[in-house]
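These notes are about the structure you will find just below.
Worth saying up front: this structure is predicted, and the values here are computed from it rather than measured. Naming convention: chains lettered A, B, ... in sequence-line order (proteins, then strands); numbering from 1 in each chain.
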Number of protein chains: 2
Amino acid sequence: MVRGKTPIGKIENYDYRLTTFSKRRTGLFKKAYEISILCDVDVALIVFSHSGNLWHFSGHKRIEDVLTKFLSCPDTQVAKSVSLSKKESLVDLLQNVKHQDDSAEGALRKQQNPNENSSVAVEDIDFQLARCQSRLNYLKGFRRKLQHLHRDL
Amino acid sequence: MVRGKTPIGKIENYDYRLTTFSKRRTGLFKKAYEISILCDVDVALIVFSHSGNLWHFSGHKRIEDVLTKFLSCPDTQVAKSVSLSKKESLVDLLQNVKHQDDSAEGALRKQQNPNENSSVAVEDIDFQLARCQSRLNYLKGFRRKLQHLHRDL
DNA sequence: CCGCCTATGTATAAATG
DNA sequence: TCATTTATACATAGGCG
């Protein structure tokens, strides 16, 4: 994101990808550490590189305790964590994106480099998509477990 | 870290702490998302606030799969950080439905009509799933539109 | 891989609406 | 609470050793 922002998407060049991974991993773990201290919250962070290397972090508690807490999380909490915050609600997103859309469209006619506005919006959507997909995957797993439980009882 | 850098340490003022948590959480999840895409790596991130709220994210794979990989990792780092018995119990949590859904099971036994309760729980999840899937579809559609706009201009 | 450097994009503390 | 603004601190791409 420096000297020409990095577009979101897999970095194809292997060496660049490794370098970026190393740098961003450092930054990510630092942020995880900071929020755990500053805000006094439990964090568990696990990263696997393609080569199979593993990095992990947890603040305050041992990572297994955080994972246990996560895995034992009652469904009400699951539901909570999944419910959309106002900020993420469709309506807000729609308005937000439409606004960006409009301004992008308007700007396009005045500017030589219209693509930037539009691509920023696409990246935002990609971020929302990834989070949504993550929740969906989690919910699907949870649903499977519930059904297994139901069968067993 | 702006207008007078934040010293590392728990932010004592409750309101500031919440505000900082909200902002940094957004940033942290964004970073986790970015590194998972840019560097094509598996990431699992779990955060619990003191009030018990849960946020989690994983890229590419389901978070359970990343956790399973973590717990089955022969890596010495994991072996060191997680004692064997603890590790086994976590694997049980992941693989055994009954252990994983203690809360649901407990609730069922307290009720006179367990089946109904269970089906309600599944319906709850279905509801969440439907919302999430709907949002996902919407986002995907929106992304397509944006890209068309992008192409057309 | 590990640092260091610099220019620049990003994150965010604090204030304000 | 929630969004915006603004000023600054921080993160990091690209380059070099």
Specify the residue among A:K31 and A:T19 whose closest nucleotide of DNA chain C lies further upstream toward the 5′ end.
A:T19

Is it true that A:R17 and B:D40 make a salt bridge, defined as a side-chain N closer than 4.0 Å to a carboxylate O?
no

Starting from C1' on C:dT10, measure out to CG on A:L28 and report it in whole angstrom.
15 Å

In this structure, how many angstroms lie between the P atom of D:dA13 and the CD atom of A:E12, rounded?
16 Å

Whether A:Y138 and A:F70 hold their rings parallel, tilted or perpendicular, with breakpoints at 30° and 60°:
tilted

Just how far, in rounded Å, is C1' of D:dT1 from CZ of B:F21?
16 Å

Distance check needed: C:dA13 C1' versus B:R17 CZ, whole Å only.
16 Å

Which of the following nucleotides, D:dT12, C:dC1, C:dA13, is nearest to the side chain of A:L18?
C:dC1

Side chain of B:K23 - closest among D:dA11, D:dG14, C:dA13:
C:dA13

Do A:D126 and B:Y33 have side chains that get closer than 4.5 Å, going by heavy atoms?
yes

Protein-nucleotide distance (A:D15, atom CG; D:dC16, atom C1'), rounded to Å:
15 Å

Here the distance between atom C1' of D:dT1 and atom OH of B:Y14, to the nearest Å, is 12 Å

In whole angstroms, the gap separating P of D:dA9 from CG of A:L38 amounts to 16 Å

In whole Å, I'd like the distance from the OH atom of A:Y33 to the C1' atom of D:dA11.
18 Å

With respect to the phosphate group of D:dA11, does any side-chain polar atom (N or O) of A:K30 fall under 4.0 Å of OP1 or OP2?
yes

OP1 or OP2 of C:dA11 versus the side-chain N and O atoms of B:T26: is any pair under 4.0 Å?
no

